[in-house]
2 protein chains.
Amino acid sequence: MTSRKAILDSALTLFCARGYDAVGVQEIVEAAGVTKPSLYHFFGSKNGLLETLISERFVDLSRMLERDGEYHGDLTLTLQKLIRGYFHFALENRLYYRLQLSLWFAPPESEAYHAVSAINQKQQAILEKVFLDAVVDHGNMRGRHKLYAVTFLGMINTYIMAALNGHVELSDQLVYQILHQFMYGIFS
Amino acid sequence: MTSRKAILDSALTLFCARGYDAVGVQEIVEAAGVTKPSLYHFFGSKNGLLETLISERFVDLSRMLERDGEYHGDLTLTLQKLIRGYFHFALENRLYYRLQLSLWFAPPESEAYHAVSAINQKQQAILEKVFLDAVVDHGNMRGRHKLYAVTFLGMINTYIMAALNGHVELSDQLVYQILHQFMYGIFS
DNA sequence: CAGGCAGTATACCGAGCGGTATACTGGTTG
DNA sequence: CAACCAGTATACCGCTCGGTATACTGCCTG
């Protein structure tokens, strides 16, 4: 394993367990079996490390969103694919998704916030586009695409966190439950 | 205003904006117009300050939960009261609720987590009891009270965060929407 | 073989951290 | 008035923080 990857892995584990601010650079490099200059060689700063960590892992999620988030006239189908995509990604990247969730509502002036705001905005933008595109077939949704995007992601994240904490399993049945629950919220 | 309250207010504002770990004790006391020994006189430690801050404001929310969370055979009514109670509390304590949300999924070994885990467990326990009590009238809910409690709170928090960010208004209409959306998720 | 460069280690830096020892104040109680 | 105590200020502590200057290694390229 390269030093670079060892640093990223250690950082993910430690940030996930104790939070970005509470973990020191020294601790990260020790866990990775390297020394500080290596970290600064690859990432420039502690914050650069966090940003790299977040954005590098996000590309897979982003790819899924681009692929499953295309609207072709069947909103139910698109949302179903998205829920399934999120579930799959969260299970394949448990630690990373935990970190992302712990930073979901990060304080707006924290360093950590700057690292996640970019990916949050990208998720939000893709989801908004889905609901915006769907307006042509569902006129009653007009003007609420932002709210829909926020609450759709909120609902998914709620269930994913419940799953990561062992309260529920991310099954196919749960996909449909969330889907219908959300759709009911829209059309009621 | 007493020094004690000035410290609590400054800490709330600063923790909310930049996070617990990123804010120094010196900064808090300067913003409050006092000096460090006063802070340590009242709260013992930085962590004690956070715990006091969290638990002292939580009593109002807790009182609401005890009052509105009693189940008397009408689950819809109880949940409706709870949603309304949460909305009201969040609007009356915007900064505090923001802080609580930023710590919602705090890393499990962080100091901040220890400060919020107690109140999270209390909320969870009260909500679980509601769904557990309701089982006698809704047999199909049996065995899922933990999941219901987690997702009910998750849904409420999602909408509250959307409201705090200006995406939606916490109106009566939204209370009913969440209520029906959640109930639909249960009975579908 | 010479030059350069990516990567790494040792040792160090100033700054800020959480926390405290000490002494002073002013009001309350005997 | 004496004793006390909650509250506050000054000045300080050891430690860890994020970050770096310097020098060394070994590989790739000329």
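Note on naming: letters A, B, ... go to the chains in the order of the sequence lines (proteins, then strands), and numbering restarts at 1 for each one. The model shown is predicted, which means the values in this text are computed figures rather than measured ones.
Distance, A/N47 CG to D/dC17 P: 17 Å, rounded to whole Å. Spacing between atom CG of B/L14 and atom P of C/dG18 amounts to 12 Å, rounded to whole angstrom units. Remark: C1' of C/dC12 and NZ of A/K36 are 10 Å apart, rounded to the nearest angstrom. Distance, B/Y40 OH to D/dA6 P: 20 Å, rounded to whole Å. Rounded to whole angstrom, the span from the CD1 atom of B/I7 across to the C1' atom of D/dT8 amounts to 10 Å. As a whole-Å value, the separation of A/L39 CG from D/dG18 P is 10 Å. As rounded to whole Å, 12 Å separates atom P of D/dA9 from atom CD of B/E30. A/F43 places its CZ atom 11 Å from the P atom of C/dG7, with the value rounded to the nearest Å.
The number of heavy-atom neighbours closer than 6.0 Å to CD of B/E66, taken from other residues, nucleotides and ligands shown, is above 12. The number of heavy-atom neighbours closer than 6.0 Å to NE2 of A/H88, taken from other residues, nucleotides and ligands shown, is 12 or below.
Residue side chain A/K46 does not reach the base of D/dG18 through any donor-acceptor N/O pair under 3.5 Å, judged by distance alone.
No contact: A/V29 has no heavy atom under 4.0 Å from any strand.
Separation of the B/F131 and B/F182 ring centroids falls under the 6.0 Å cut-off.
Distances shorter than 4.0 Å separate none of the side-chain N or O atoms of A/S3 from OP1 or OP2 on C/dG7. Taking 4.0 angstrom as the limit, A/S38 places none of its side-chain polar atoms (N or O) nearer than this to OP1 or OP2 of C/dG7.
In the set D/dG7, D/dA9, D/dC17, D/dA9 carries the atom at the smallest distance from any side-chain atom of B/P37. Of the candidates D/dA6, C/dG19, C/dT8, the closest approach to any side-chain atom of A/H41 belongs to C/dT8. The B/Q26 side chain lies nearest to C/dC17 when the options are D/dG18, C/dC17, C/dG18. The listed nucleotides are D/dG19, C/dT8, D/dA9; the one nearest the side chain of B/T35 is D/dA9.
Heavy-atom minimum distance, B/R63 versus B/D60: NH2-OD1, 2.7 Å.
In terms of position along DNA chain D, the nucleotide closest to B/V34 lies nearer the 5' end than the nucleotide closest to the other residue of the pair A/E27 and B/V34.
Relative to the six-membered ring of A/Y176, A/R84 meets both conditions, a distance below 6.0 Å and an angle of at most 45° to the axis.
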